[in-house]
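Only one structure is covered here, and it is reproduced in the block below.
So you know, we letter chains A, B, ... as the sequences are listed, proteins then strands, and number each from 1.
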2 protein chains.
Amino acid sequence: MNYSVSEENYIKSIYHLQQQTDTVTTNSLANELRTKPASVTDMLKKLQTKKLIEYEKYRGFKLNANGNKIALGIIRRHRLWEFFLVNKLGFEWDKVHVIAEELEHVSSADLIERLDSFLKFPQTDPHGDPIPDTNGKMAFIKQLNLAEIIVKKNIVVSSVGSQSPEMLEMLKHYHISIGTSLKVIKHFAFDGSIEIKVLQYTPCIISEQVAKNIFVHHD
Amino acid sequence: MNYSVSEENYIKSIYHLQQQTDTVTTNSLANELRTKPASVTDMLKKLQTKKLIEYEKYRGFKLNANGNKIALGIIRRHRLWEFFLVNKLGFEWDKVHVIAEELEHVSSADLIERLDSFLKFPQTDPHGDPIPDTNGKMAFIKQLNLAEIIVKKNIVVSSVGSQSPEMLEMLKHYHISIGTSLKVIKHFAFDGSIEIKVLQYTPCIISEQVAKNIFVHHD
DNA sequence: ATTAAAATTTAGACAAATCTAAAAATATTA
DNA sequence: TAATATTTTTAGATTTGTCTAAATTTTAAT
Ligand SMILES: [Mn+2]
Ligand SMILES: [Mn+2]
Ligand SMILES: [Mn+2]
Ligand SMILES: [Mn+2]
């Protein structure tokens, strides 16, 4: 089966919202897609007819197994293109999302498998998010929030909560990007800020808000 | 201004038809786009409102200067993606057209300029067709039909009339691709077939129909 | 110059995706 | 539990792009 650009965007958004709450609401999806609740209801009916979601009027909805597989296919394409844009075309990672949002809808399966191979089968996109394989299997990376790290062991930045230019600008200033190794040195109870040390740089202090937007894993 | 996928496909098709006849007819465009004449008329009105064509009811139509520029932008994207698909992803050149037909509509200008640079500013696509530059300037390559070559000097294959898998298969068998150097040895008046010699291979005979689909330029 | 054929346009309909305003269902609060 | 607020759905409209069938215009043929 083949899905329209609009259908694909809905499917992907439902998938992402489900990571937070198992069953999704009409309003949250409308908000995510910057559209109106009435439009969401219309599309839900269509997705139900096409057997991609479980949906009961007024009760919320979720992707079924089939819908999940479709979603992971779209996410695979999105993240492979993002990797291409950053690592081959030299884009900054705050610029690639909007472009990948279009490229993800190009429908050739052969294209994506060849792109994957050309990129040497990357495991994560430029934001640290894992890339599903052809069968929709996605590595689960146990991520911890930097704000909650206590031990003074080496940790590695694996992804970020915000992909805004503002975030990127600040991370650059701190010499932090995906894959950067660092250590937590001290917590300040007063405002929740923490002192960290990035390898080869002098220690610095980041606010709690920044820390909460940085996800890490051990060694 | 931004144009829909449908509008872009119409604009590009009008451009291509204009290469043969300066002013285009409703039927020919409908045929090119595999749609119905009534649909073409509808779109023509829209393109006229958007000031992309000159159009007089029942009298045919053509792109104006603005429409021409838009068309060349789409063709630039199409051909750059085709080059990418063949030279980076390893597609055969009979497979790339349909995919480029989708990729050409991805709208980021930055994307295309970076792609161009990544590909080292190619001058022609995998079918030998010239790639317009950012400003819509396109090199004109004086092409001659192989069926009409008489002199026994070295000539270079610059493009092909058909991009079908059948054509590709046969050209491969003859060891001919874009850029191949060859010589015309003899014409057979009986059926119009000609004997050619591809460098490093023994001479062979190709039918008039094949020859008519091969375009060449001198040295 | 008529008439017949072909090309083109209009009229009216339809599917997809969206919207606003109103109605219905559910959740919250007093 | 009853009133109120919030969420969700329905009803009806709009835009884009397409279609068929009928009307109109142009072109070709007698
Ligand atoms: Mn998208
Ligand atoms: Mn990403
Ligand atoms: Mn296209
Ligand atoms: Mn081409």
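With no hydrogens or angles considered, no side-chain donor-acceptor pair links Asp125(A) and His78(A) at under 3.5 Å.
Each of Glu7(A) and Val40(B) has a nearest nucleotide on DNA chain C; the 5'-most of these lies closest to Val40(B). Annotation: of the two residues near DNA chain C, Gly60(B) and Ser6(A), the 5′-most nearest-nucleotide partner is Gly60(B).
Outside the 6.0 Å centre-distance limit, the rings of His97(A) and His127(A) are not counted as a close aromatic pair.
Rounded to an integer number of Å, the gap from CE of Met43(A) to P of dT8(D) is 18 Å. Rounded to whole Å, the distance from CZ on Phe61(A) to C1' on dT7(D) is 12 Å. Atom CG in Asp42(B) sits about 13 Å away from atom C1' in dC14(C), given to the nearest Å. For the pair Asn2(A) CG and dA16(C) P, the interatomic distance rounds to 14 Å; values are reported in whole Å. When the P atom of dT10(D) is taken as reference, atom CG of Leu44(A) falls 11 Å away, rounded to whole Å.
Between Lys62(A) and Glu56(A) there is no salt bridge, since none of the side-chain N atoms of the basic residue sits less than 4.0 Å from a carboxylate O of the acidic one. A salt bridge is defined here as a Lys NZ or Arg NE, NH1 or NH2 lying under 4.0 Å from an Asp or Glu carboxylate O, and Glu104(A) with Arg79(A) fails to meet this definition. Checked for salt-bridge contact, Arg77(B) and Glu8(B) meet the test: a charged N lies under 4.0 Å from a carboxylate O.
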Apply salt bridge (charged side-chain N to carboxylate O under 4.0 Å, His left out) to the pair Arg76(A) and Asp116(A), showing each step before the final yes or no. CA-CA 10 Å; Arg76(A) 171 172 166 76; Asp116(A) 193 20; 3.0 Å; yes
Could you walk me through whether Thr180(B) and Val156(B) satisfy the side-chain contact (heavy atoms from CB on, under 4.5 Å) test, starting with their C-alpha distance in whole Å, then the side-chain angles of each, then the deciding distance to 0.1 Å, before giving a yes or no? CA-CA 6 Å; Thr180(B) 300; Val156(B) 179; over 6 Å; no
Could I get a table of every N or O pair under 3.5 Å where one atom is in the protein and the other is in nucleotides 26-29 of chain D?
unit_1  : atom_1 : unit_2   : atom_2 : d
dT26(D) : O3'    : Arg59(B) : NH2    : 3.4
dT27(D) : OP2    : Arg59(B) : NH2    : 3.3

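Remark: Tyr55(A) is not in phosphate contact with dT8(D), judged by side-chain N or O atoms under 4.0 Å from OP1 or OP2. Listed pair Lys45(B) / dT10(C) meets the phosphate criterion, a side-chain N or O lying under 4.0 Å from OP1 or OP2.
A distance-only check finds no donor-acceptor pair linking the side chain of His173(A) to the backbone of Glu169(A) [under 3.5 Å].
The side-chain tip of Lys88(B) points at the ring of Phe118(B) from less than 6.0 angstrom away and within 45° of straight on.
Of all the residues in residues 22-39 of chain B, Thr35(B), Lys36(B), Ala38(B), Ser39(B) reach under 4.0 Å from DNA chain D with at least one non-hydrogen atom.
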